[in-house]
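Right, one structure below, let's go through it.
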Amino acid sequence: MSGEGLIATGLDRLLDDSSSLQRRRYALLSHQAAVTPTLRPAHLALADAGVPPTLLLGPEHGYYGVEQDMIAAVERVDPWSGLPIVSLYGDDEGSLRPRSEIFESLDLLVIDLQDVGARYYTYAATAVWTAEVALAAGCEVWVLDRPNPLGGAVIEGNLPDPGLESFVSAFKVPVRHGLTMGELVLLEARRRGLDRSAVRVFEMQGWQRHQLWDEVDRPWIAPSPNMPSLMTALVYPGGCLIEATQVSEGRGTTRPFELVGAPWVDAVELTADLEERGHRGVALTPAFFKPQFQKHGGETCAGVQIVVTRPDVFESLRFGVDLLESLSMQGGGDFSWRRDPYEFISDIPAIDLLAGTSTLRQRIDQGKPIADWIETWQADAEAFDNERQSVLLYD
């Protein structure tokens, strides 16, 4: 096993025996969070081993995680290796899938992306869609697996309704799906009838499904600009819903998704209401903050800071739904949904794309209780858990 960590990732295992990459011409779909235990970026570590990639592919936010959400990442040349980088996030929906001609002179696609375990996080969509194009072009696909920071045991949320597929809801999985990137690719390969014999997952060694990131002997490297810490990832499955409103989800601060608020919010009242809802594993405090960009940039916002104290029992999505309901009740006419296009879709509200249903939006708008909708999650989780059993790679 490479390095000193207790867990070997798929990259570590490939580097331990890189002979299988000899004389292969391959594209590497990766980013800055895909590193060795000594923090060597994947493409440089592979070059050190004498098996450099031919081409680099970058997901949303760019290969180095520079761009903010919904900002096109332009094609560049890697300054260390001189390799060309093809962006898979441009100015239109068509840019989310690579052009088939980039695989014409290649025989392999290698994927090494750090996911965060939530349906909205777009790297899994990029991985599957790129794999689909590569397989159609006659390439093999290897996935170098990494831990799910939220663990692999807990499933939370609903399955999305038909017709609401998008970049942030590409697969029929609950919001918190409990799969690794490798398992997600295997699941979608089976669902889409892709050539399973051409898809190989380099499994981790030493990771168990119950382990969250704080039990993994690895430093946290931000996989995207607004995912700076494990705390952010823990809040994200529920906190991302705030993106679909005119309330700030803390972008433009050092605590994205952990800070939520707007100029019209009563911070003390919001905090008290959320505390009365009895969520486990979380501490809340009234907060004031000033985003430096995006929603309410330069304005002082009042709201709440979310601190996860027991990740093993915190139900992030349920908390996020309650947070939406509480903001709506307090805000009255000041609370509103996002109206701008969201991930290249303009005819479906962003909240419906994220929630995977119109039910949440409609009930909040009508002032109706959402508890009975939340109760339907259990049946969806059980159905999905039954389906995913055949692709689970870890105890």
Side-chain angles (χ1 to χ4, degrees), residues 1-2 5-18 20-21 26-31 33-37 42 45-46 53 57 59 88 108-119 121-135 139-155 170-174 176-213 215-216 218 221 223 233 384-385 387-395:
M1 175 175 132
S2 298
L6 298 176
I7 290 175
T9 66
L11 174 63
D12 300 335
R13 296 194 64 202
L14 178 58
L15 289 171
D16 279 343
D17 182 10
S18 60
S20 56
L21 274 179
Y26 69 95
L28 176 65
L29 170 56
S30 192
H31 59 171
V35 296
T36 69
L46 290 163
L57 305 177
L88 298 181
L108 174 65
L109 167 67
V110 177
I111 300 170
D112 190 1
L113 292 168
Q114 179 62 62
D115 196 29
V116 300
R119 184 174 69 209
Y121 210 60
T122 60
Y123 294 159
T126 297
V128 170
W129 293 348
T130 304
E132 220 169 7
V133 175
L135 289 167
C139 292
E140 292 180 66
V141 174
W142 293 357
V143 183
L144 311 184
D145 218 2
R146 291 184 175 272
N148 182 330
L150 306 182
V154 175
I155 298 172
F171 314 126
K172 192 174 181 180
V173 300
R176 185 171 171 182
H177 49 68
L179 297 177
T180 66
M181 181 67 78
E183 291 169 338
L184 262 173
V185 172
L186 291 178
L187 177 64
E188 285 303 310
R190 190 186 66 193
R191 286 173 167 178
R192 295 161 187 253
L194 303 180
D195 183 1
R196 176 64 182 83
S197 66
V199 179
R200 177 182 179 186
V201 176
F202 283 73
E203 299 177 26
M204 293 176 283
Q205 288 181 340
W207 186 72
Q208 299 178 47
R209 303 208 73 81
H210 69 273
Q211 290 181 301
L212 279 67
W213 191 270
E215 301 173 76
V216 174
R218 293 270 172 159
I221 305 296
F384 176 71
D385 193 31
E387 183 189 13
R388 75 174 189 155
Q389 290 301 315
S390 62
V391 301
L392 298 184
L393 301 175
Y394 310 97
D395 294 332

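We count residues from 1, following the sequence as given.
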Look only at the side chain of [X] and the backbone of [Y], and say whether a donor-acceptor pair between them is shorter than 3.5 Å.
X    : Y    : answer
H31  : Q114 : yes
R192 : V128 : no
D16  : R13  : no
Y394 : M204 : yes

Contacts of type side-chain hydrogen bond (donor to acceptor under 3.5 Å, both in side chains), residue [X], not counting sequence neighbours:
X    : result
Y26  : none
R176 : none
D112 : R146
D395 : none

Please report the interatomic distance [atom1]([X]) to [atom2]([Y]), rounded to the nearest 0.5 Å.
X    : Y    : atom1 : atom2 : answer
I111 : T126 : CD1   : OG1   : 9.5 Å
L28  : L144 : CG    : CG    : 7.5 Å
W207 : L393 : CH2   : CG    : 9.5 Å
Y123 : L88  : OH    : CG    : 11.5 Å

Kindly indicate whether the side chain of [X], heavy atoms from C-beta on, has any atom under 4.5 Å from the side chain of [Y].
X    : Y    : answer
L150 : V116 : no
L392 : R209 : yes
Q208 : E215 : no
T180 : V201 : no
V110 : S30  : no
L179 : L186 : no
T36  : L11  : yes

Anything under 30° is parallel, anything over 60° is perpendicular, the rest tilted; go ahead and classify F202 against W142.
->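 If you compare the ring of F202 with that of W142, the planes turn out tilted.
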All side-chain contact (heavy atoms from CB on, under 4.5 Å) counterparts of [X], not counting sequence neighbours:
X    : result
A118 : Y120, Y236, P237
T122 : E60, F167, V168
A134 : F103, L109, C139, V141
E387 : L187, R190, R191, F384

Looking at every non-hydrogen atom in both residues, tell me the closest pair between [X] and [Y] and how far apart they are.
X    : Y    : value
D115 : G117 : OD2-N, 3.5 Å
M181 : A127 : SD-CB, 3.8 Å
D145 : E183 : OD2-N, 4.5 Å
L135 : A198 : CD2-CB, 3.6 Å

If a pair satisfies salt bridge (charged side-chain N to carboxylate O under 4.0 Å, His left out) and one of its residues is in residues 194-206, list it, with sequence neighbours excluded.
->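 Passing the test, one end in residues 194-206: no pairs.
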Dump the intermediate steps for ring-ring contact (aromatic ring centres under 6.0 Å, His included) on F171 and H177, then the final yes or no.
-> CA-CA 10 Å; F171 314 126; H177 49 68; 8.7 Å; no
